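So the structure is just underneath, and the comments pick up after that.
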Amino acid sequence: MATIINPINQNTFIDLGEALEVIQPSYGMIDNSGLFEEQGITAPSHAYKIVEQKAPKMTKLTSRTERDAMAVDKQKYKWISMGGITIKEEGGVHVEDLIGVSGFNGLSFESETFQEAMVKELTSLANVGAANMEYLLLTTTQGRTLDPYDGSVAIDAFANTGTVRPTKTINASASNVNIRAELQALANQVAALNGYNGNVGIIDLVVEDTDFNAIVAHPEFNSLYQLAFSGLGNTMINNPMLNGQATAPRLTRYGYRKEFVIDNIRLITYPQKFHRWNGTEVAPTVKGKAWTIINGVSGLYQVKYTPAPYVSHYANAGQKWLARSTGIVNDTHADITLESHLIPFMSRPEMSVDVTITTT
């Protein structure tokens, strides 16, 4: 990455990108899943085209030599344009942070002690940045990108595309004998919403913990598994659905998460909670509500990175994160800036179905 150096202060705007690459933040289940297609662009805004995919209509047979080819239906489309949003954080290392721990080689920006302090501070910024990025992408999968600070809407894909979010209700109470049929109806609804834009892969249904337990432990599923494994002895005993382990959380890099597949619906719980600047805890899911995340549909989830607003970067394609340091200023401190300029969106937000789960 090219960085312009101030000839008066050779430490000005030091690129910390390499240090950032080795830091593994504690947030990022969606960010690091590969769900979003990422691209750096050279403009501060982005426009994309929504194409109406009609059902392929078969044509008549034509002669081999005559010019009697049939014209197929033309596609209809509309353009959507949107601007970017910005994550920007500041931190730094002060000489007071290093008093008494500078070692025997003196203290300078290049000294090992100062660099260790810089990496520690950058790690703290990276964790905050990762939480912001993850929250942005997680809410984007619901069609509206929310501000991590207060939950206000930053990008409304429904308003941009002129679409309405579809809904679905699933009755997970023990008295409902058709819960599997309701889940399959949800899968069929998603397939219909996808239209002729290719085939839908696994559909993730992001649910709250107790709703997950209510669905997976439903009597209908237990009965099906008991019938399927009748007479198979240890195989039946070791099956998670029948030995009580289906609702047990499993440890992932980002915390404990539950997951269970029913036909082409994969029930998942989100392993972490977020904390706003004022300390308020934000759960990604709430009891009684869920939403769909669609896998396998190209171009559905996208994030564009716009250029950072600096002379040394503005003509280049944007990058996911930019981390820079001023070097030591006034012989007292070094500032660090971590930022990202991005446009996360769902190209067809109607694929995010707002699901209500009832258990009584």
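Position 1 is the first residue of the sequence, and the numbers go up from there. Every heavy atom of this structure was used, including side-chain atoms; hydrogens, water molecules and symmetry mates were not. Small disclaimer: the values here were computed from a predicted structure and weren't measured.
Two different hydrophobic clusters hold Val177 and Leu186 under the rule that ILVMFWY side chains link at heavy-atom gaps under 4.5 Å. Follow the hydrophobic side-chain contacts under 4.5 Å out from Trp291 and you never reach Phe158; the two are in separate clusters. In the hydrophobic clustering of ILVMFWY residues, with side-chain heavy atoms under 4.5 Å counting as a link, Ile294 and Ile262 come out together. Residues Val128 and Ile87 do not share a hydrophobic cluster, defined by chaining ILVMFWY side chains whose heavy atoms lie under 4.5 Å apart. Under the 4.5 Å side-chain heavy-atom criterion for Ile, Leu, Val, Met, Phe, Trp and Tyr, Val282 and Tyr254 are members of the same hydrophobic cluster.
The aromatic ring centroids of Phe274 and Tyr27 lie less than 6.0 Å from each other.
Summarising the geometry, atom CG belonging to Asn132 is positioned 11.5 Å from atom CG belonging to Asp31; distances are rounded to the nearest 0.5 Å. One finds the CD1 atom of Ile215 at 10.0 Å from the OG1 atom of Thr210 (value rounded to the nearest 0.5 Å). The structure places OG of Ser152 at 7.5 Å from CG of Leu146, a figure rounded to the nearest 0.5 Å. To the nearest 0.5 Å, atoms CG (Leu205) and NZ (Lys168) are separated by 11.5 Å. Separation of atoms CD (Gln24) and CZ (Arg253) is listed at 4.5 Å; rounding is to 0.5 Å. Distance CG/Asn264 to CD1/Ile202: 6.0 Å, rounded to 0.5 Å.
Within 6.0 Å of CG on Asn199 lie no more than 12 heavy atoms contributed by other residues, nucleotides or ligands. Within 6.0 Å of OH in Tyr310 there are more than 12 heavy atoms belonging to other residues, nucleotides or ligands.
Listed by chain and residue number, nothing satisfies the salt bridge (charged side-chain N to carboxylate O under 4.0 Å, His left out) test with Asp335 (two or more places apart in sequence, or in another chain). Residues passing the salt bridge (charged side-chain N to carboxylate O under 4.0 Å, His left out) test with Glu281, sequence neighbours excluded: Lys273. Take Thr161 and apply the side chain to side chain donor-acceptor pair (under 3.5 Å) test, not counting sequence neighbours, and it matches Thr163.
With contacts defined as side-chain heavy-atom distances shorter than 4.5 Å, the pair Gln189/Thr292 does not qualify. Between Tyr301 and Ile293 there is a side-chain heavy-atom pair separated by less than 4.5 Å. For the pair Lys88 and Thr337, the minimum side-chain heavy-atom distance is below 4.5 Å. A 4.5 Å side-chain heavy-atom check between Glu37 and Val303 finds every atom pair outside the cut-off. Side chains of Tyr48 and Lys304 form no contact here, defined as non-hydrogen atoms less than 4.5 Å apart. No side-chain heavy atom of Phe345 sits under 4.5 Å from any side-chain heavy atom of Asn160. Side-chain atoms of Thr306 and Leu342, non-hydrogen and from C-beta on, never get closer than 4.5 Å to each other. Within the 4.5 Å cutoff, no side-chain heavy atoms of Leu183 are placed close to those of Asp263.
Of all heavy-atom pairs spanning Gly299 and Ser347, the tightest one is O-OG, 2.9 Å. The two atoms that bring Pro344 and Thr145 nearest to each other are O-OG1, 3.5 Å, heavy atoms only. Across all non-hydrogen atoms, the minimal contact from Thr141 to Met346 is O-SD, 3.4 Å. Nearest heavy atoms, Ser312 versus Arg324: OG-NH1, 4.1 Å. Counting all heavy atoms, side chain and backbone alike, Ala172 lies closest to Ile357 at CB-CG2, 4.1 Å. The minimum heavy-atom distance between Pro25 and Ala130, with the atom names listed, is CB-CB, 3.3 Å.
A side-chain contact (heavy atoms from CB on, under 4.5 Å) with Lys258 is found for one member of Val207, Leu267, Asn213 and no other, namely Asn213.
Here the side chain of Asn127 pairs a donor or acceptor atom with the backbone of Ser26 at under 3.5 angstrom.
Between Lys289 and Asp354, at least one side-chain nitrogen of the basic residue sits less than 4.0 Å from a carboxylate oxygen of the acidic one, meeting the salt-bridge criterion.
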Review point. What's the verdict on side chain to side chain contact (heavy atoms under 4.5 Å, CB included) for Met29 and Gln272, showing C-alpha distance, side-chain angles and the deciding distance?
Key: CA-CA 9 Å; Met29 191 189 87; Gln272 294 176 302; 5.7 Å; no
